[in-house]
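Numbers for residues simply follow the sequence, beginning at 1. Whatever order the structure lists them in is the order used to number ligands and atoms, beginning at 1.
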Amino acid sequence: MHLHFDNRLLAELPGDPLTGPHVRQVQGALWSSVTPTAVRAPRVLAWSREVADQLGLTAPDIDDPQFAQVFGGNGLLRGMAPYATNYGGHQFGNWAGQLGDGRAISLGEVIAADGSRQELQLKGAGPTPYSRFADGRAVLRSSIREFLCSEAMAHLGVPTTRALCLLGTGEDVVRDMFYDGHAAPEPGAVVCRVAPSFLRFGHFELPASRGDTALLRQLVDFTISRDFPHLDGPVSEARDAAWFAEVCTRTATLMAHWMRVGFVHGVMNTDNLSITGLTIDYGPYGWIDDFDLDWTPNTTDAQGRRYRFGWQPQVAFWNLSRLAGALSPLFTDAAPLQAALQGYADAYAAADKINTAAKLGLAECRAEDLSLMADLRNLLRAAEVDMALFFRGLGEDPPGAEALDALHDAFYDDAKYHAHADAFRQWLQRYALRCAQDGDESARRARMRAANPRYVLRNYLAQEAIDRAHAGDLGGVHDLLEVLRRPYDDQPGREGFARKRPDWARTKAGCSMLSCSS
Ligand code: AMP
Ligand code: MG
């Protein structure tokens, strides 16, 4: 197994003089050296061909017993220099102080086969100085969810951290899944995440909160140089402003993707937003089954619904505003930061128009098309209609009132179907008129097939794979990984993976709501 490491973050940013995992406040440093804690019996449960390929790893490399040892946290390869990074964050709207990588340990930055720089990070590899009150471990169920969803998102074309592999540790981890005082042992696991950068908004907020402008300055310079090289150059407010503006537009693009595919992150705290605009930290996320802008998958969020589906673009803006506040000591004038935030709103509005056109198969989005979409959303919500099935189905048949029959399967409730059928037929007629203005039916279908996935990682599908894995059968994980490789293709024989949420899953834990306990 040959991996070439070049650990820029360690070389260029100040580290903690103390080593080892004892819990502490770390001042003036962006990282702490810490070694993964060995596990009893690391075993590869699943791995991603595409990520392995990118890193230049082959199937024999994965099968080599050394692989499970290294990626389970029991050994290091030459050039690896493990560390946990230091960040803070706003959690559910409140400043939480120092958080940091409590259960993530980076192994180093690889120069991949394609020339790109990729940081390898183990999640669940044991305690770090940032573990606070917790154990630094992760359970199998949440690790399966992170592994599968990272890869599913990448195949959907959504910016995301990737996952190289999922390992069982051969050890149990104790979790109180429902926070009801019933802690129980569960199988432990480690995921190796891969991304050019794991830097979060919270990395910038922490030094700013401590008045450490020198460290903030160093971090911004480093981030621009390593992660935004096209903006690199002598330090200037103009350069920094261009960088923050790009963070804003990347975040807008990301939000538009989430809204397009029906992904709800569930914990959009500022420590869970990537500075490079990737989806990061798959926890109690969920996928929209019946279209509901007010749905949140996270039980901890059930009251306030801060992180509900339809609110994600607004929360991202709020998070960017916190980031702007953190960066303000580097600016003599707030105007460029304000302009960049306005740029977020403009970029999101533009992306939303692109989504609207693409999801409806239109050549372009006109002002009245936004109301066409808004009216459809209201109908989908009122009639409890499956998002993925409806949009995919809408692109299959010629538009018109008659198309409703073929869309019947997307409805969860027959009574609601009948109650709203006339309204849907009227909407479909309006839609047909609009499509007639474009004219090209095959172009409409092609656009819709490219924007509306056939297969998404529905919550119940992930949960079924998890239940099988708990019974010792990884087949469900492998099947899902395979089907989600081509989410926009109809895959004959795999219709079952495109089915709407079955009734039994409506209120089942893991299928409807998820706790943060992972
Ligand atoms: P999250 O809500 O998963 O983004 O985590 C918030 C913070 O809690 C981060 O600093 C995590 O590293 C930390 N954390 C979450 N779970 C654990 C765990 N099992 N052990 C140590 N730290 C954890
Ligand atoms: Mg997190």
From the Mg ion (ligand 2) out to just under 2.8 Å, does an N/O/S atom of Asp281 turn up?
yes

Just checking Trp31 against Phe222, ring centres under 6.0 Å apart?
no

May I ask you to list the atoms of ligand 1 that are less than 4.0 angstrom from any heavy atom of Asp135?
18 (C), 19 (N), 20 (N)

Charged tip of Arg506 within 45° of Trp504 ring normal and under 6.0 Å
no

Mind checking whether Arg137 contacts ligand 1 via backbone (N, CA, C, O), side chain (CB onward), both or neither, at a 4.0 Å heavy-atom cut-off?
backbone

May I ask you to establish whether Arg78 and Phe5 are in a cation-pi arrangement, using a distance under 6.0 Å from NZ or CZ to the six-membered ring centre and at most 45° from the ring axis?
no

In the protein, what heavy atom is nearest to atom 1 (P) of ligand 1, and what distance, to one decimal place, separates them?
Asn272 ND2, 4.2 Å

Gly100, any N or O under 3.5 Å of ligand 1 N or O:
yes

Any atoms of ligand 1 less than 4.0 Å from a non-hydrogen atom of Tyr87? List them with their elements.
9 (C), 10 (O)

Atom CG in Asp227, atom CZ in Arg8: separation rounded to 0.5 Å?
8.5 Å

Does the protein place a non-hydrogen atom closer than 4.0 angstrom to atom 5 (O) of ligand 1?
no

What atoms in ligand 1 come closer than 4.0 Å to a heavy atom of Asp281?
4 (O)

Within reach of ligand 1, part of Leu99 (heavy-atom separation under 4.0 Å)
both

Taking the six-membered ring of Trp287, is the NZ or CZ of Arg501 close enough (under 6.0 Å from the centre) and on axis enough (within 45°)?
no

Here the atoms of ligand 1 under 4.0 Å from any heavy atom belonging to Arg175 are 19 (N)

Using the side chain to side chain donor-acceptor pair (under 3.5 Å) rule, pick out the option among Gln66, Gln69, Arg40 that qualifies with Asn74.
Gln69

Distance from atom 18 (C) of ligand 1 to nearest protein heavy atom, with residue and atom:
Ala134 CB, 3.4 Å

Please report the C-alpha distance between Tyr87 and Phe204 in whole Å, then the side-chain angles of each, then the deciding distance to 0.1 Å, and finally whether the ring pair (Phe, Tyr, Trp, His ring centres under 6.0 Å) criterion is met.
CA-CA 7 Å; Tyr87 57 79; Phe204 299 83; over 10 Å; no

Can you find a side-chain donor-acceptor pair between Glu205 and Thr270 that sits under 3.5 Å?
yes

Can you tell me if Cys516 contacts ligand 1 (heavy atom of the residue under 4.0 Å from the ligand)?
no

Scan side-chain atoms only and decide if Arg210 and Gln25 contain a donor-acceptor pair under the 3.5 Å cut-off.
yes

Ranked by distance from atom 7 (C) of ligand 1, the top protein heavy atom is Arg132 NH2, 3.0 Å

Contact check: Asn269 to the Mg ion (ligand 2), N/O/S below 2.8 Å
no

Answer yes or no for Phe133: is there a heavy-atom contact with ligand 1 below 4.0 Å?
no

Report the C-alpha distance between Glu171 and Thr169 in whole Å, list the side-chain angles of each, state the deciding distance to 0.1 Å, and finish with yes or no for side-chain hydrogen bond (donor to acceptor under 3.5 Å, both in side chains).
CA-CA 5 Å; Glu171 293 179 2; Thr169 58; 5.0 Å; no

Report, in ascending order of atom number, the atoms of ligand 1 lying under 4.0 Å from any heavy atom of Gly136.
18 (C), 19 (N), 20 (N), 21 (C)

Nearest neighbour in protein (non-hydrogen) for atom 15 (C) of ligand 1
Arg103 NE, 3.8 Å

Which of Trp295, Tyr285, Tyr307, Phe309 passes ring pair (Phe, Tyr, Trp, His ring centres under 6.0 Å) with Phe263? Answer is Tyr285

Run the contact test for Gly283 against ligand 1 with a 4.0 Å cut-off on heavy atoms, strictly below, and give the result.
no

Is it true that Thr296 and Asn298 share a donor-acceptor pair across their side chains at a distance under 3.5 Å?
no

Check if Met268 has a non-hydrogen atom at a distance under 4.0 Å from any atom of ligand 1.
no

Can you pull out the closest protein heavy atom to atom 21 (C) of ligand 1? Residue, atom name and distance to 0.1 Å, please.
Gly102 O, 3.1 Å

